[in-house]
Structure formats: structure tokens, C-alpha cells
4 protein chains.
Amino acid sequence: MPRTAKQFEEIRADRKKAILNAALHVFSEEGYHSASISKVSKAAGVSKGLMYNYFESKVELLQILIGSLFDDEINGMRKTLEQPVTEQSMIEFIQMGTKILKSKPKQWKLYFSMSTQPEVLKILQDKFSTDHILFSTKIIEFFKMKGDKNPELSLTYFSTAITGKKVSYIMDPDNYPIDKIEKLIINQFITT
Amino acid sequence: MPRTAKQFEEIRADRKKAILNAALHVFSEEGYHSASISKVSKAAGVSKGLMYNYFESKVELLQILIGSLFDDEINGMRKTLEQPVTEQSMIEFIQMGTKILKSKPKQWKLYFSMSTQPEVLKILQDKFSTDHILFSTKIIEFFKMKGDKNPELSLTYFSTAITGKKVSYIMDPDNYPIDKIEKLIINQFITT
Amino acid sequence: MPRTAKQFEEIRADRKKAILNAALHVFSEEGYHSASISKVSKAAGVSKGLMYNYFESKVELLQILIGSLFDDEINGMRKTLEQPVTEQSMIEFIQMGTKILKSKPKQWKLYFSMSTQPEVLKILQDKFSTDHILFSTKIIEFFKMKGDKNPELSLTYFSTAITGKKVSYIMDPDNYPIDKIEKLIINQFITT
Amino acid sequence: MPRTAKQFEEIRADRKKAILNAALHVFSEEGYHSASISKVSKAAGVSKGLMYNYFESKVELLQILIGSLFDDEINGMRKTLEQPVTEQSMIEFIQMGTKILKSKPKQWKLYFSMSTQPEVLKILQDKFSTDHILFSTKIIEFFKMKGDKNPELSLTYFSTAITGKKVSYIMDPDNYPIDKIEKLIINQFITT
DNA sequence: TATGAATGAGTTTTCATTCAT
DNA sequence: TATGAATGAAAACTCATTCAT
């Protein structure tokens with residue numbers, strides 16, 4: 001009984017996921033450069049040769065892993081920021097960030113360790129250039145709305161806190177009390 | 001007529017500095033793993049072989065570059081925290097952090113991109129294990145003194161802000177207004 | 001259609017043999033240290049890289065080549081000495097030594113040139129520690145049985161002759177009359 | 001007060017000896033190929049550069065060390081064998097061999113581990129080719145004199161014992177009872 | 001589609017020898 | 001004469017990628 005084209009597609013999709021997943025684990029454990037394709041393929045339960053049937057190269061794996069991260073983030077953030085800027089939407093915006101972070105800690109760790117590398121910078125530029133401005137504008141708007149006298153600086157300070165939260169969590173996801181810190185950030189920057 | 005011992009010492013010191021400097025530039029530009037010893041030696045204007053006259057291995061270069069960073073930081077922090085904990089000493093502590101950051105931005109960038117790698121984690125454990133506890137204790141003491149009801153959480157929030165400051169600066173040292181952010185942190189956590 | 005597991009196994013076994021064989025020739029011709037992996041791989045008709053698919057390191061090649069020698073020898077000696085000690089078993093013991101020597105002259109040459117090196121001493125210790133004592137005991141027992149007044153010294157003299165035979169043969173396998181010397185040794189030490 | 005030419009010569013000779021001595025120790029400890037010129041020069045208390053003032057190359061050191069061994073041996077053997085061949089002269093010949101062995105165990109060990117290498121074979125050919133025949137002839141003559149029916153084979157068996165003695169002693173100079181074995185050899189081959 | 005053997009360019013590292021002083 | 005810094009050629013080893021089957 002030959003499989004249908006649709007079944008083939010499904011198999012392909014599953015395998016791709018399995019490989020990406022294996023790559024994520026191995027890369028985040030050993031670091032992208034130290035990890036070998038051999039280990040990834042073994043972890044995925046797939047032969048080395050087959051990997052190249054699904055992905056062009058090692059760097060493509062990395063770029064997909066990190067790129068998808070930002071697809072999620074950007075989409076999430078875009079949704080919350082498309083609404084009129086209110087305390088509520090800002091809170092959702094922050095919570096969205098935490099949620100995305102908690103759902104993919106390994107990806108974020110990987111991203112973090114590679115964020116200064118050319119291979120990764122390239123993606124970020126592609127993905128982020130336009131959206132970043134949008135977000136900034138929205139957040140500044142919020143601070144203005146609250147009567148902030150230096151909303152640009154507030155944006156920077158706010159981003160600093162968000163960054164600190166992200167990095168601290170990535171460094172030690174098991175012990176960092178991210179929810180409590182989130183609340184403190186919300187208290188400090190959003191609800192007065 | 002052979003050179004004197006002192007002359008040799010000077011040559012060695014100069015070359016060591018030159019090599020470390022070159023390594024720092026190349027590593028921080030291209031990433032430790034992507035950078036080759038060949039490139040480092042070319043950047044330092046010496047032969048590949050000579051590098052091994054001065055340093056045991058590629059990883060030793062990395063460890064010296066990053067280790068020295070923490071020697072500085074630990075010493076700075078120790079000095080400011082040896083004093084009785086006051087607002088003044090806490091301010092100095094924060095300013096010390098900024099100063100160290102600004103004096104060696106490339107090293108810090110390198111450190112951040114390598115901070116999840118075994119090669120680097122090992123050094124930090126060696127350098128940091130005891131001191132870290134001391135610093136935490138002191139800062140908690142400060143927050144207690146100020147009547148804080150949850151000084152442990154405040155420490156974490158404070159560390160989050162400091163981390164955010166560090167990382168934000170490293171990511172974009174030319175545009176990040178670190179001094180202004182420093183003031184905001186001092187205002188928020190120290191002087192009320 | 002991919003090869004079956006069995007086919008892969010065969011390929012691996014063949015290649016391993018070919019590489020070990022090439023290594024033996026090159027090492028014993030030029031000496032272990034002077035011989036390069038490049039030359040070995042060329043002699044085996046494979047790429048340098050492939051060697052490391054099959055063997056961990058250059059020194060592993062050496063250790064396998066020499067280790068297998070002693071596996072053979074120890075097994076042979078053990079078999080003949082497990083029997084009750086008689087003139088016949090002692091003769092077989094000596095003949096076994098000659099046979100092993102003649103079957104792998106290049107390995108023995110390699111062994112002798114490396115026998116004082118740490119890389120090789122290590123294997124011998126692992127392989128020989130317990131058996132050596134057993135063998136000595138058995139041979140001493142034989143000399144005692146024959147009424148020898150100083151069987152320990154006789155063991156040493158006997159070993160000296162065996163060693164002399166081994167080394168002389170290795171140095172010039174084509175011209176050394178090993179069988180005749182073997183007979184002389186048997187006459188001298190075993191049958192009167 | 002400028003040194004005389006003779007004094008200079010003496011200094012040179014002393015230094016040469018010191019370097020050769022250091023080389024011997026280091027080579028015999030670590031093996032010729034594994035040992036580095038750096039270590040030798042340090043052991044000799046002399047700079048690397050200066051070593052090349054006294055010796056052409058690393059291999060020259062080896063060749064001098066091993067060559068001198070055979071100068072001694074050949075001279076010693078020649079002296080004892082220049083006399084008419086008697087039991088006494090044969091005994092002296094054997095004792096001479098033991099004496100030379102005991103006086104330079106490290107050289108012999110080095111020689112032994114290098115004896116199959118091209119660098120060393122070259123010297124031996126130069127030194128040995130003619131003398132070896134002389135010695136063989138003399139010893140055969142002795143066995144003939146004693147009424148031996150196969151003196152050529154006896155020579156080989158005798159050489160085997162001598163070789164065995166040599167090698168056994170080199171392998172474990174501290175525990176091998178070379179004097180006792182020497183007596184046994186003399187008893188067996190010389191004094192019937 | 002699927003395998004893992006095979007490649008080869010590239011990497012780190014070593015060290016006898018040379019050279020400026 | 002004396003030093004050890006400096007070289008560079010060659011070594012061992014790695015690994016992303018290709019390829020025969």
C-alpha cells in the first residue's frame with residue numbers, strides 16, 4: 001500500500017522537527033561550534049547523510065532555530081502592541097515575553113551565546129529591523145501617556161530591566177524567580 | 001653580546017601583551033571558535049609558533065582574557081564591599097561595575113558570548129565560588145538596613161538591573177546611555 | 001538502496017585490517033616516531049581523515065599492534081603451561097615462542113624498538129602483570145623437578161637464552177637459524 | 001687576563017662532555033624522538049643556541065653517543081682478540097663485554113631502542129662492517145680448537161647467549177644478575 | 001529515501017634550527 | 001661566545017560535507 005503524498009509530507013515534517021529538536025539540545029549543551037553534525041544526527045536517530053536531505057548545512061539549522069524564536073516573539077509582541085496602548089496591553093506585552101522565554105529556554109540560551117556572531121546577526125537584521133522601531137514607538141507612546149518627562153530614557157531603562165530578566169533567567173532557569181521579577185517590573189514601569 | 005635578562009623580560013612582556021591584545025580583537029570580532037590561531041598570530045605580527053612559546057594553547061588565551069576580567073571585577077567589588085555597607089559604598093560598588101565595563105568592553109563582549117561554554121564556566125567557578133556569597137550577603141544586609149521586607153528578592157531584582165545594564169551596554173556600547181541608566185539604578189535601589 | 005549492516009561491518013573490518021597492516025609496515029620500517037600518519041594512510045590507500053574514523057590516535061595503532069602480539073603470546077604460553085609441567089610441555093612452550101615469533105616478525109621488531117618507551121610499557125604492564133609470575137613459577141617448578149640446585153638462576157639463564165634467540169631473530173630474520181638454536185636450547189635446558 | 005688557547009680548548013671539551021651527558025640522560029629517559037633539544041640544553045645548563053655551536057644537529061648527538069659505544073667495544077674486543085685465541089682470552093673477551101655494558105647502561109639502552117632506526121644503522125655499518133668478520137673468525141677458530149664439530153653454529157649460539165645477556169641487563173639493570181649469568185656463559189661455552 | 005564510509009581542507013600544536021643582539 | 005626569541009615546515013587531528021551503494 002503506497003503512502004499518499006500527504007503522508008510523505010507528514011513524515012518529512014516530523015523528521016525535520018526531530019532533527020531540529022536534536023540540534024537544539026546538542027547545540028545548547030555543547031555550544032554550536034563545538035557540537036558536531038555527527039552528534040546531532042545520532043541524537044535525532046537519523047543518518048548524517050539524511051540530514052543533508054532535510055537541511056542544507058549546519059548553519060541553516062542554527063538559523064532556523066534562532067529565527068523561529070524571533071518569529072514567535074515578534075508575532076506575540078505585534079499582537080499585543082497592535083491594540084491601543086494601555087496598562088493592560090503593556091502588561092500583556094511583558095507577560096508575553098516571559099511566556100516565550102519560558103517555553104523555549106534552550107533556544108534562548110543558544111541565541112544568547114551566539115548573538116554576537118555573524119551567522120546570527122544576519123538573521124536578526126532581517127527579522128528585526130522594521131519591527132523594532134514599531135515596538136519602541138509604542139512603548140514610548142505609553143510612557144508619554146503616563147506623563148513621563150523623558151520617555152526615551154524610560155524606554156531604555158525598561159528595556160534594560162527586560163534584558164536583565166531575560167539573561168538572568170537564561171543563565172539559571174531553575175533558580176531564577178522570573179515570575180516575581182516580572183511582577184516587580186510591572187509594578188515599577190506600568191502600574192506606576 | 002647577548003641581551004640581558006631584563007631585556008628578555010621586556011621582550012616577553014611586550015609580546016605577551018601584543019598577543020593577548022590581538023587575540024582579544026580577533027576573538028571578540030569573529031567569536032572564539034571561528035577565530036583561528038593563524039589569524040591571531042597574523043594580527044599580533046608574530047609567527048604561529050611563537051604563540052606557543054608564550055601561551056600553552058588557544059584556550060589558555062581565552063581563559064586569561066576572561067579571567068583577568070574577573071580578577072579586576074572581584075578586586076574592585078571586594079574593595080568597595082569591605083567597607084561598612086552604606087549608601088555611599090553601594091553607590092561606589094555600582095560605579096565600579098560600570099567603570100570596569102567601560103574599560104574593557106571587548107573582553108566583556110567575549111565573555112558574554114562564551115559565558116555558557118565549559119571552557120569559561122570552569123574559570124568562573126574557580127574565581128567566583130567564595131566571593132559571590134560574600135557579595136550577596138553584603139547587599140542583602142544593605143537592603144535589610146533600609147527596612148526592606150524581602151531583601152533577598154530585592155537582591156535578585158537589583159542583580160537583574162545590573163545584568164541588564166551590562167548586557168545592554170555590551171550589545172551596543174556606542175549608543176547605550178550607561179551613565180544615565182546607572183543613575184536610575186542608584187536612585188531606584190540605593191537612595192530610596 | 002543503502003548497504004546492509006553486514007556489508008558495513010565487512011567494509012569496516014577490511015579497512016581496519018588494511019590500516020593496521022599499513023601501519024605495521026611503515027612503523028617497523030621507519031620507526032614509530034619518524035613515521036607519519038600521512039604515510040600510513042597513503043600506504044593503506046585511504047585518506048588521513050578516515051584513519052581517525054577507525055582509530056582514535058596514532059598511539060592506538062601502535063598499542064593495538066603490540067598488544068595483539070602479547071595476547072597471542074600469553075594465550076599460547078598459558079595453554080602450554082596449564083598442563084602439568086613435563087619435558088614435553090616445556091618443549092611445546094619453547095616451540096610456541098618460536099612459532100609466534102616467526103608468524104609476526106615485523107611486529108616483534110616494532111615491539112623491540114619501542115619496548116623502552118612509556119607508550120608501550122603501559123600496555124605490557126596491563127597485559128603481563130599477573131601472568132608473568134605464573135609462568136616463572138611453572139618454569140622454576142620444572143627445574144626443581146629436574147633436581148636443579150639453583151632453579152631461580154636457571155630460570156634467569158633460560159630466559160636469557162630465550163631473549164637472545166628472540167632478539168637475534170628479529171635483528172636478522174632471514175639469516176638467523178632459529179630452528180637450530182631452538183633445538184640447542186631444548187637440549188641444554190630441557191632434555192638434560 | 002685573557003685565557004690561553006689551551007684553556008679555551010679545555011672549556012670547549014668540558015662543555016661538549018656536559019652536553020653529551022645531558023643528551024644521554026634525556027634521550028634514554030624519554031626516547032630520542034620524544035626528547036626535545038630544549039630539554040637537553042636545559043639539562044646541560046646551556047642555551048639552545050650554544051648547543052649548535054658545539055654540535056651540528058640533534059642527530060649528531062645521537063650518533064656520537066652511540067658511535068662512542070662501539071668505539072669502546074670494538075677497541076676492547078680487538079685487544080683481547082688480537083692475542084692468540086685461548087680460553088683465557090675468550091674469558092677476557094666475555095668479561096670485557098660485561099664491563100662495557102655495566103659502565104654505560106644508559107647508552108646501551110638508547111642504542112637498543114634505536115638499533116633498528118636508519119639514523120643508527122648507518123653508523124653501525126660504518127663502524128662494524130670489517131671488525132665483525134674478524135671477531136667471528138676468531139671465535140670460530142676457538143670453537144674449532146676445542147674440537148667443536150659445528151663451530152659456526154656454536155658461534156651463533158654463543159652470540160645468542162651474549163645478546164640475551166646484553167638485552168636482559170639493559171631491560172632491568174638493577175635486578176638482572178649479570179655476573180652470575182656471565183659465569184654460566186663462560187662455563188658453558190669456554191671451559192667446557 | 002537512507003546509510004555511514006570517505007574525503008580533504010582546515011585547525012591546533014610541536015620543535016629543530018636560525019638569528020638578532 | 002652566548003642567549004633565548006623567533007621561525008616555519010610538518011605533524012596529529014577534526015569535521016562539515018559528499019558519495020557510492
Side-chain angles (χ1 to χ4, degrees), chain A residues 3 8 11-12 15 33-42 46-61, chain B residues 1-5 7-12 14-16 33-41 45-59 61, chain C residues 1-5 7-12 14-16 33-41 45-59 61, chain D residues 3 8 11-12 15 33-42 46-61:
Chain A
R3 276 173 268 210
F8 271 124
I11 291 174
R12 269 194 83 82
R15 255 226 260 257
H33 283 108
S34 305
S36 74
I37 283 289
S38 249
K39 247 195 179 167
V40 172
S41 68
K42 230 166 256 168
V46 152
S47 75
K48 242 189 297 187
L50 194 55
M51 292 210 32
Y52 283 84
N53 196 312
Y54 288 94
F55 300 95
E56 291 259 307
S57 65
K58 189 186 180 187
V59 77
E60 199 198 27
L61 285 173
Chain B
M1 224 174 322
R3 278 175 269 218
T4 64
Q7 278 174 315
F8 278 129
E9 235 171 84
E10 271 168 26
I11 290 176
R12 282 194 78 79
D14 283 359
R15 280 286 182 277
K16 268 195 144 174
H33 283 109
S34 304
S36 74
I37 283 289
S38 245
K39 248 194 178 166
V40 172
S41 65
V46 302
S47 72
K48 237 186 307 179
L50 190 59
M51 304 234 5
Y52 288 87
N53 190 320
Y54 290 98
F55 301 96
E56 293 254 307
S57 62
K58 188 185 177 189
V59 80
L61 283 173
Chain C
M1 223 168 334
R3 279 174 269 217
T4 64
Q7 279 174 314
F8 278 129
E9 235 170 84
E10 271 169 26
I11 291 175
R12 282 192 79 80
D14 284 359
R15 281 285 182 280
K16 268 194 145 177
H33 282 110
S34 305
S36 75
I37 283 288
S38 243
K39 248 195 179 165
V40 172
S41 67
V46 303
S47 71
K48 236 186 308 179
L50 191 59
M51 305 235 2
Y52 289 88
N53 190 322
Y54 289 98
F55 301 95
E56 293 254 309
S57 63
K58 189 185 177 189
V59 80
L61 283 173
Chain D
R3 275 173 271 211
F8 270 126
I11 291 175
R12 267 193 86 81
R15 258 231 255 257
H33 282 107
S34 305
S36 73
I37 283 289
S38 247
K39 248 195 178 166
V40 172
S41 69
K42 230 166 255 167
V46 151
S47 77
K48 244 188 299 187
L50 194 54
M51 293 212 30
Y52 282 84
N53 195 313
Y54 288 93
F55 300 95
E56 290 259 306
S57 64
K58 189 186 180 187
V59 79
E60 199 197 30
L61 285 172

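Source: prediction; values computed, not measured. Sequence lines set the chain letters: A, B, ... in the order given, protein chains first and strands last, and positions in each chain run from 1.
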(message) Let me spell it out: for each of H33(D) and S38(B), pick the nucleotide of DNA chain E with the closest heavy atom. Which residue's pick is nearer the 5' end?
(response)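 The 5'-side residue here is S38(B).
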If you compare every side-chain N and O of [X] against the phosphate oxygens of [N] (OP1, OP2), does one of them come in below 4.0 Å?
X	N	result
Y54(D)	dT1(F)	no
N53(D)	dT1(F)	yes
Y52(B)	dT13(E)	yes
R3(B)	dA2(F)	no
R15(A)	dT1(E)	no

Heavy atoms only, 4.0 Å cut-off, all strands: where does [X] land among base, sugar-phosphate and nothing?
X	answer
S47(C)	base
K58(C)	sugar-phosphate
F55(C)	nothing
I37(C)	sugar-phosphate
T4(B)	nothing

(request) Just do the side chain to side chain contact (heavy atoms under 4.5 Å, CB included) check on N53(C) and R15(C) with the steps written out, would you? (result) CA-CA 10 Å; N53(C) 190 322; R15(C) 281 285 182 280; over 6 Å; no
(message) With nearest nucleotide decided by heavy atoms, which residue, R12(B) or S57(A), maps closer to the 5′ end of DNA chain F?
(response)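 Result of the comparison: R12(B).
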(request) Nearest-nucleotide wise, let me know which of S36(A) and V46(D) is further upstream toward the 5' end of DNA chain F. (result)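 Its nearest nucleotide lies further toward 5', so the answer is V46(D).
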[X] has an atom [atom1]; how far is it from atom [atom2] of [N], in whole Å?
X	N	atom1	atom2	result
L50(A)	dA2(E)	CG	P	5 Å
K42(A)	dC15(F)	NZ	P	12 Å
E9(C)	dA5(E)	CD	C1'	14 Å
K48(C)	dA16(F)	NZ	P	18 Å
E56(D)	dT17(E)	CD	P	10 Å
E10(B)	dA5(F)	CD	P	13 Å
L61(D)	dA16(E)	CG	P	11 Å
K39(B)	dT11(E)	NZ	P	9 Å

(request) Please round to the nearest 0.5 Å and tell me the distance separating atom OG of S36(A) and atom NZ of K48(A). (result)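 With rounding to 0.5 Å, OG (S36(A)) is 7.5 Å from NZ (K48(A)).
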(message) What's the separation between atom CD1 in I11(C) and atom CD in E9(C), rounded to the nearest 0.5 Å?
(response)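 Nearest 0.5 Å value for the CD1-CD distance: 11.0 Å.
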(message) Looking at dG8(E), which nucleotide sits across from it as a Watson-Crick or G-U wobble partner, both distances under 3.5 angstrom, or is there none?
(response)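 Base partner found: dC15(F).
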(request) Quick one: look up who dA20(E) pairs with, Watson-Crick or G-U, both distances under 3.5 Å, and put none if it's unpaired. (result)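 dT3(F) is the nucleotide pairing with dA20(E).
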(message) Quick one, K58(A) with V40(A), criterion side chain to side chain contact (heavy atoms under 4.5 Å, CB included). Give me CA distance, side-chain angles, the key distance, then yes/no.
(response) CA-CA 10 Å; K58(A) 189 186 180 187; V40(A) 172; over 6 Å; no
(message) For a side chain to side chain contact (heavy atoms under 4.5 Å, CB included) check, start with the C-alpha distance between M51(C) and L61(C), then their side-chain angles and the critical distance, and finish with the verdict.
(response) CA-CA 10 Å; M51(C) 305 235 2; L61(C) 283 173; 3.6 Å; yes
(request) Identify the heavy atoms of Q7(C) and R3(C) that sit nearest to each other, and give their distance. (result)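 So the minimum-distance heavy-atom pair works out to OE1-CA, 3.1 Å.
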